[in-house]
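Here is the structure we will look at.
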Amino acid sequence: MNHASKCILSTQCKLANSESCNAHCPHFIALHGLNGVSGRVATAGTPRDYRLVTASNSPARAEQASVYRAVDAYIKTFERQFDAEGERIKSLYLFSESPGTGKTTTASVLLNEWLIAHYIGSLRLGLQPLQQPAYFLDVNNWQTLYNEFNRNNIPREIAETASREYYKQMKYAKTAPFVVFDDLGIRDASQPFKADLHSVINHRVTNKMPSVYTSNLPITEMEFVFDKRLYDRVRDFCLVILFDGESNRGMRR
Ligand SMILES: Nc1ncnc2c1ncn2[C@@H]1O[C@H](COP(=O)(O)OP(=O)(O)O)[C@@H](O)[C@H]1O
Ligand SMILES: [Mg+2]
């Protein structure tokens with residue numbers, strides 16, 4: 001069966017739509033795994049609904065034309081990931097006040113385009129592609145995990161499971177070359193949680209690792225939601241992109 005519509009490599013793959021375009025293709029397996037359980041797209045942790053979105057098929061492109069001009073230009077800088085001496089790759093802050101304007105969709109587009117650039121670029125250079133070139137951190141969910149093992153009277157097993165998952169996600173968010181921080185700063189955060197978030201972002205900025213943040217708050221609010229230190233770090237070498245328009249949530253297109 002033709003797998004072109006199920007594979008994020010298809011727009012750049014010579015085998016797309018040929019007889020070799022099937023579930024046994026080694027490149028399809030490298031990205032999408034066997035039966036969708038492993039593979040770099042799944043281990044990146046992007047929510048299921050956003051696993052196949054790319055720059056060319058993004059549902060947000062038509063309505064957010066000016067955003068996607070910036071997105072296209074930004075994606076072109078991804079080739080610099082192989083050039084240690086090259087110009088630093090910027091971070092992006094995707095912002096709109098109202099939900100449902102395509103921020104998470106677009107952040108996932110960028111993550112998938114990074115996976116494509118990393119995988120194809122590695123093969124071209126004769127390098128082994130990394131197992132986890134990119135990671136999607138759902139900041140809300142990460143904060144929920146934190147709260148789960150820091151509440152009083154929580155059964156030990158539950159607390160241990162939450163804590164293990166929390167620190168695993170923290171490690172991936174520190175080490176993956178490209179990370180999406182989805183929904184930054186929408187809830188009250190405790191001091192120790194802020195310190196963890198700061199340490200992750202600080203590590204990335206110090207090591208010039210690019211991140212994409214999405215938020216319902218203007219970047220200037222980060223100073224008050226978190227603190228000045230984190231605000232300075234998030235702003236470091238970061239381009240802000242505004243999404244306007246009404247919510248598209250729940251609309252079928
Ligand atoms: N500009 C758009 N045009 C069409 N559909 C869109 C657009 N933006 C978002 N969507 C759809 O709306 C839903 C919510 O989008 P999402 O990216 O999660 O929004 P946000 O993160 O800004 O709250 C998704 O199903 C997405 O495909
Ligand atoms: Mg969102």
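One-based numbering, in listed order, for ligands and for the atoms of each.
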Is it true that Ser96 lies under 4.0 Å from ligand 1, counting heavy atoms only? no
For Tyr93 and Ser215, which I'm curious about, is there any donor-acceptor pair between the side chains at under 3.5 Å? yes
Subset of ligand 1 atoms that lie under 4.0 Å from at least one heavy atom of Tyr50: 16 (P), 18 (O)
Counting backbone and side-chain atoms alike, is an N, O or S atom of Thr104 positioned under 2.8 Å from the Mg ion (ligand 2)? yes
In terms of relative ring orientation, are Trp114 and Phe78 parallel, tilted or perpendicular, with 30° and 60° separating the classes? perpendicular
May I ask you to check if ligand 1 and Gly102 share an N or O to N or O distance below 3.5 Å? yes
Can you list, by chain and residue number, the hydrophobic cluster partners of Leu15 when the side-chain cut-off is 4.5 Å? none
Identify which of Asp182, Asp49, Thr105 has a heavy atom lying nearest to atom 26 (C) of ligand 1. Thr105
Ligand 1-proximal atoms of Phe95, by part, heavy-atom distance under 4.0 Å: neither
With sequence neighbours left out, write down each residue that passes ring pair (Phe, Tyr, Trp, His ring centres under 6.0 Å) with Phe136, or none if nothing qualifies. none
List ligand 1 atoms under 4.0 Å from Lys103, heavy atoms only on the residue side. 17 (O), 19 (O), 20 (P), 21 (O), 22 (O), 23 (O)
For Glu63, take its heavy atoms, then give the atoms of ligand 1 lying under 4.0 Å from any of them. 1 (N), 3 (N)
Is there a heavy atom in Thr214 that sits closer than 4.0 Å to ligand 1? no
Determine the minimum heavy-atom distance between Thr105 and Ser58, stating which atoms define it. CG2-OG, 4.0 Å
Thr101 N/O to ligand 1 N/O under 3.5 Å: yes
Charged tip of Arg40 within 45° of Tyr119 ring normal and under 6.0 Å: no
Would you please indicate yes or no on a ring centroid separation below 6.0 angstrom for Tyr231 and Phe226? no
